[in-house]
Amino acid sequence: MRLDKYISNASDYSRSEVKKLVKQALVEVDGIVATNPGAIIAPSAKVYLNGDHVTMPGPRYFMLNKPAGVVSATKNSEHPTAIDLINTPRTELLQIAGRLDIDATGLLLITDDGQWNHSITSPRSDCRKTYQVTVAEPLNSHLVEKFLEGIWLEGEKRRCLPAVLEIEDDHHAQLTISEGKYHQVKRMFSAQGNLVTELHRIQIGNICLDPALAPGDYRALTPLEITLNGAGGKEQNA
Ligand code: URA
């Protein structure tokens, strides 16, 4: 990696600020004062800025209780984004591991670890997601079987994978799916002539939304949660 990129990724300095710091002879690489901010440095290089060791921060993992009205995107000109709610440096490196619609709420995982993100969102991972669903029309118990058989969605060539529907009362159910098609839950109910009026995600893989998080709050994942990620899916069990 270039020296200026390394330091700006590891600190709050921009690349142009790093160039100035190099000019001021404040940067050392492996004990030698750096003169070229564009120099390529080895992964093992020891970089010092003003005498302080500059190290890359480790990967970051957060769970957010997404409120309605917030978009699952890194940038949006009209609405606040999930990333706007995370108060941490270098937010431009963060990615969302599995989106929620603007009106949907609940568990959103955010990380700068691309591989970890992939282990959750890759279609091959079959990572389970559980939603609390509120619907407009009364729920009929025959739906449980239909969801288990696999719902046909308009415009799709194959049925959805089996989904587990647990009906709580006429208008409330918990649904667990292991795919991530566009608007999947809303489309599954729509294919059965019903309308989802509220959608709240409570679990991804084995990571559960922390009930202590109010809408808009977030926290770092624990080391155990990080290792759990999408566990339960195909890639983890292979
Ligand atoms: N299914 C949907 O329809 N919307 C979501 O946000 C997530 C799953």
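Counting starts at 1 for both ligands and their atoms, in listed order. Since the model is a prediction, treat every value here as computed from it, not as a measurement. We count residues from 1, following the sequence as given.
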Q | Which residue and heavy atom of the protein sit nearest atom 8 (C) of ligand 1, plus the separation | A | Tyr131 OH, 3.5 Å
**Q.** Atom indices of ligand 1 within 4.0 angstrom of Ala104 heavy atoms, with elements
**A.** 6 (O)
Q: Identify the protein heavy atom lying closest to atom 4 (N) of ligand 1, giving its residue, its atom name and the separation to 0.1 Å.
A: Asp101 OD2, 2.7 Å
Q) Would Thr105 and His200 count as having a side-chain donor-acceptor pair, cut-off 3.5 Å? A) yes
(Q) Please list, in number order, the atoms of ligand 1 under 4.0 Å from a heavy atom of His183. (A) 1 (N), 2 (C), 3 (O)
Q: State whether the number of non-hydrogen atoms from other residues, nucleotides or ligands found under 6.0 Å of Tyr13 atom OH is greater than 12.
A: no
**Q.** For ligand 1, the portion of Leu199 having any non-hydrogen atom under 4.0 Å away
**A.** side chain
Q.
Regarding ligand 1, does Lys186 bring an N or O atom to under 3.5 Å of one of the ligand's N or O atoms?
A. yes
Q) With under 30° as parallel and over 60° as perpendicular, where do the rings of Tyr218 and Phe62 fit, or are they tilted in between? A) perpendicular
Q: Work out which heavy atom in Ala45 is nearest to a heavy atom in Ile41; give both atom names and the distance.
A: CB-CB, 4.0 Å
Q) Can you name the salt bridge (charged side-chain N to carboxylate O under 4.0 Å, His left out) partners of Asp210, sequence neighbours left out? A) Arg219
Q) Honestly curious: do Leu100 and Tyr61 fall in one hydrophobic cluster under the side-chain, below-4.5 Å linking rule? A) no
Q) Among all protein non-hydrogen atoms, which one is nearest to atom 1 (N) of ligand 1, and what is the separation to 0.1 Å? A) Val185 N, 3.1 Å
